[in-house]
There are 2 protein chains.
Amino acid sequence: MNNKEKLRNAGLRPTKQRMIVANILLDGFNRHFTAENLQDEIYTSGNSMSIATVYNCLKKFKNCGLIKQVETSKDTAIFDTNTDYHHHFLNEETGELIDIENEEISLHKLPEIPQGYLNNGIEVIIKLKRQN
Amino acid sequence: MNNKEKLRNAGLRPTKQRMIVANILLDGFNRHFTAENLQDEIYTSGNSMSIATVYNCLKKFKNCGLIKQVETSKDTAIFDTNTDYHHHFLNEETGELIDIENEEISLHKLPEIPQGYLNNGIEVIIKLKRQN
DNA sequence: CAAGTAGTTTAGAACGGTTTTAAAGTAAAA
DNA sequence: TTTTACTTTAAAACCGTTCTAAACTACTTG
């Protein structure tokens with residue numbers, strides 16, 4: 001399925017700007033990135049886009065599941081093209097994230113979900129500190 | 001141990017402002033709160049404090065382990081007076097956090113920590129969605 | 001206890017990431 | 001083709017947080 005179809009399937013109009021973003025993000029390689037990182041890549045690819053559009057686009061992509069946002073308390077939002085269920089190592093000094101595949105971790109016992117709610121995703125973050 | 005001693009033990013001068021904060025936060029009841037929440041409580045308690053001092057104080061308290069900061073991608077930093085090892089449910093709609101005690105969850109298999117790094121804490125977040 | 005000094009508080013300005021605004025532009029529907 | 005709904009944009013606004021620099025306070029030393 002090409003990127004235009006992916007956008008349409010997701011219910012998004014394949015505008016010029018969204019296609020530029022899709023061509024960068026949906027290239028089959030997973031990455032963690034900020035809005036600013038993406039805007040830089042857009043420039044590098046010979047295109048340009050206002051930061052408002054970058055944010056709009058990321059919000060839409062996220063809402064329809066084309067990308068994810070990682071739960072970290074960093075001051076900049078970090079997105080992830082890996083939408084499979086997985087977890088992260090977080091280097092707190094640098095902010096760098098490293099994927100932990102689902103098979104590498106297992107939650108043996110889970111708490112009871114509070115009344116009236118559903119489990120809407122579990123995220124495990126293992127914070128890393130440099131040795132010594 | 002009284003709050004003055006707690007501050008001294010933590011290596012912090014027990015200033016008037018830090019005592020006001022300690023008296024609110026270290027009352028034996030756990031809570032999740034933002035800087036603004038705390039400033040409101042300070043006013044409610046009949047005191048006042050500049051927002052810069054609230055932030056300075058939270059940073060110091062956090063660095064010496066009197067409180068923790070929760071890993072969430074919300075736009076406002078959320079702090080926790082529960083410094084025991086534990087996890088959280090996160091209601092993504094409201095931002096509300098609910099503690100998950102360590103005994104209620106068990107990580108059975110853990111990934112190998114990358115070369116040169118140490119495990120510096122694991123945080124599990126179970127995102128909640130309202131049923132229906 | 002007095003004087004010195006190192007650390008703390010403060011108001012207000014600055015900062016940085018993100019969202020809003022409102023007008024111009026574009027994709028899809030009729 | 002005209003209309004309609006959606007999208008993009010630059011610029012401003014926003015909002016949580018940090019910085020600045022001056023006033024203040026806790027502690028140390030004599």
Side-chain angles (χ1 to χ4, degrees), chain A residues 2-24 32-43 45 47-64 66-67 69-79 92 95 97, chain B residues 2-24 32-43 45 47-64 66-67 69-79 92 95 97:
Chain A
N2 65 34
N3 288 335
K4 199 167 209 164
E5 288 170 325
K6 282 185 196 164
L7 290 178
R8 283 203 200 284
N9 279 5
L12 298 180
R13 272 193 196 173
T15 63
K16 177 167 163 281
Q17 288 79 358
R18 287 179 188 156
M19 284 301 294
I20 292 168
V21 171
N23 290 336
I24 290 172
H32 301 115
F33 62 98
T34 64
E36 206 189 338
N37 293 157
L38 176 57
Q39 198 184 31
D40 289 348
E41 277 203 75
I42 290 166
Y43 278 107
S45 77
N47 295 287
S48 80
M49 202 173 297
S50 81
I51 194 65
T53 303
V54 173
Y55 278 105
N56 285 345
C57 198
L58 287 173
K59 186 175 282 181
K60 292 278 188 183
F61 276 40
K62 176 185 163 188
N63 287 344
C64 65
L66 289 171
I67 61 175
Q69 184 173 356
V70 184
E71 286 293 331
T72 82
S73 53
K74 301 207 56 24
D75 48 4
T76 310
I78 299 177
F79 298 89
E92 284 190 295
L97 289 166
Chain B
N2 65 34
N3 288 335
K4 199 167 210 167
E5 288 171 326
K6 281 184 196 164
L7 291 178
R8 284 204 199 283
N9 279 4
L12 298 179
R13 272 195 195 172
T15 63
K16 176 168 163 280
Q17 289 79 357
R18 287 179 187 154
M19 284 302 293
I20 291 169
V21 171
N23 290 336
I24 290 172
H32 302 114
F33 62 98
T34 65
E36 206 189 338
N37 293 157
L38 176 57
Q39 198 184 32
D40 289 347
E41 277 203 77
I42 290 166
Y43 278 107
S45 77
N47 295 287
S48 79
M49 201 172 298
S50 80
I51 193 66
T53 303
V54 173
Y55 278 106
N56 286 345
C57 197
L58 287 173
K59 187 175 281 181
K60 292 278 187 183
F61 276 41
K62 176 184 162 188
N63 287 344
C64 65
L66 290 172
I67 61 174
Q69 184 173 356
V70 184
E71 287 291 331
T72 80
S73 53
K74 301 208 59 348
D75 48 4
T76 309
I78 298 177
F79 298 89
E92 284 190 295
L97 289 166

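Chain A is the first sequence line, chain B the second, and so forth, proteins listed ahead of strands; every chain is numbered from 1. Every value quoted in this text rests on a predicted model; they were computed, and no experiment measured them.
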Rounding to a whole Å, what distance do you find between [X]:[atom1] and [N]:[atom2]?
X: B/Gln39; N: D/dT18; atom1: CD; atom2: P; value: 14 Å
X: A/Leu58; N: D/dT8; atom1: CG; atom2: C1'; value: 15 Å
X: B/Asn47; N: C/dT10; atom1: CG; atom2: C1'; value: 16 Å
X: A/Arg8; N: C/dA27; atom1: CZ; atom2: P; value: 10 Å
X: A/Asn56; N: C/dT26; atom1: CG; atom2: P; value: 16 Å
X: B/Met49; N: C/dT10; atom1: CE; atom2: C1'; value: 12 Å
X: B/Asn63; N: D/dT18; atom1: CG; atom2: P; value: 11 Å

A/Lys74 near the nucleic acid: base, sugar-phosphate alone, or nothing, with a heavy-atom cut-off under 4.0 Å?
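No contact.
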Could you run down the sub-3.5 Å N/O contacts of the protein with nucleotides 14-17 of chain D?
{"residue": "D/dT17", "atom": "OP1", "partner": "B/Ala77", "partner atom": "N", "Å": "2.7"}
{"residue": "D/dT17", "atom": "OP2", "partner": "B/Tyr55", "partner atom": "OH", "Å": "2.1"}
{"residue": "D/dT17", "atom": "O5'", "partner": "B/Tyr55", "partner atom": "OH", "Å": "3.1"}

Counting only heavy atoms and a strict 4.0 angstrom limit, can you tell me which residues of residues 10-21 of chain B come near DNA chain D?
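Heavy-atom contacts with DNA chain D come from B/Arg13, B/Pro14.
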Do [X] and [Y] come within less than 4.5 Å of each other through their side chains, counting heavy atoms only?
X: B/Phe33; Y: B/Leu58; value: yes
X: B/Leu66; Y: B/Leu7; value: yes
X: B/Val54; Y: B/Val21; value: no

Which pair of heavy atoms, one from A/Ser45 and one from A/Ile24, lies closest together, and at what distance?
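The pair with the smallest heavy-atom distance is OG-CD1, 4.2 Å.
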Would you name the heavy atoms of A/Ser73 and B/Gln69 that are closest together and state the gap between them?
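Taking every non-hydrogen atom into account, CB-NE2, 4.0 Å.
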Counting just side-chain N and O atoms, does A/Ser50 come under 4.0 Å of either OP1 or OP2 of D/dT9?
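For A/Ser50, the contact criterion (side-chain N or O under 4.0 Å from OP1 or OP2 of D/dT9) is met.
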Distance alone, cut at 3.5 Å: any donor-acceptor contact between the side chains of B/Thr72 and A/Glu71?
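No - no donor-acceptor pair under 3.5 Å links their side chains.
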Would you check, one step at a time, whether the test side-chain contact (heavy atoms from CB on, under 4.5 Å) holds for B/Phe79 with B/Asn37?
CA-CA 10 Å; B/Phe79 298 89; B/Asn37 293 157; over 6 Å; no
What does the 5'-to-3' dot-bracket notation of DNA chain C look like when only Watson-Crick and G-U wobble pairs under 3.5 Å count, and pairs to other strands show as |?
||||||||||||||||||||||||||||||
May I ask you to decide if B/Cys57's main-chain N or O and B/Arg18's side chain share a donor-acceptor pair within less than 3.5 Å?
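No, because the side chain of B/Arg18 does not come within donor-acceptor range (under 3.5 Å) of the backbone of B/Cys57.
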Quick one: side chain to side chain contact (heavy atoms under 4.5 Å, CB included) partners of B/Lys6, sequence neighbours excluded?
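For B/Lys6 the side chain to side chain contact (heavy atoms under 4.5 Å, CB included) partners, ignoring immediate neighbours, are B/Met1, B/Asn3, B/Leu26.
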Which residues pass the salt bridge (charged side-chain N to carboxylate O under 4.0 Å, His left out) test with A/Glu36, not counting sequence neighbours?
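Not a single residue meets the salt bridge (charged side-chain N to carboxylate O under 4.0 Å, His left out) criterion with A/Glu36.
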ring-ring contact (aromatic ring centres under 6.0 Å, His included) against B/Tyr55, all qualifying residues, sequence neighbours excluded:
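So B/Tyr55 forms no ring-ring contact (aromatic ring centres under 6.0 Å, His included) with any residue.
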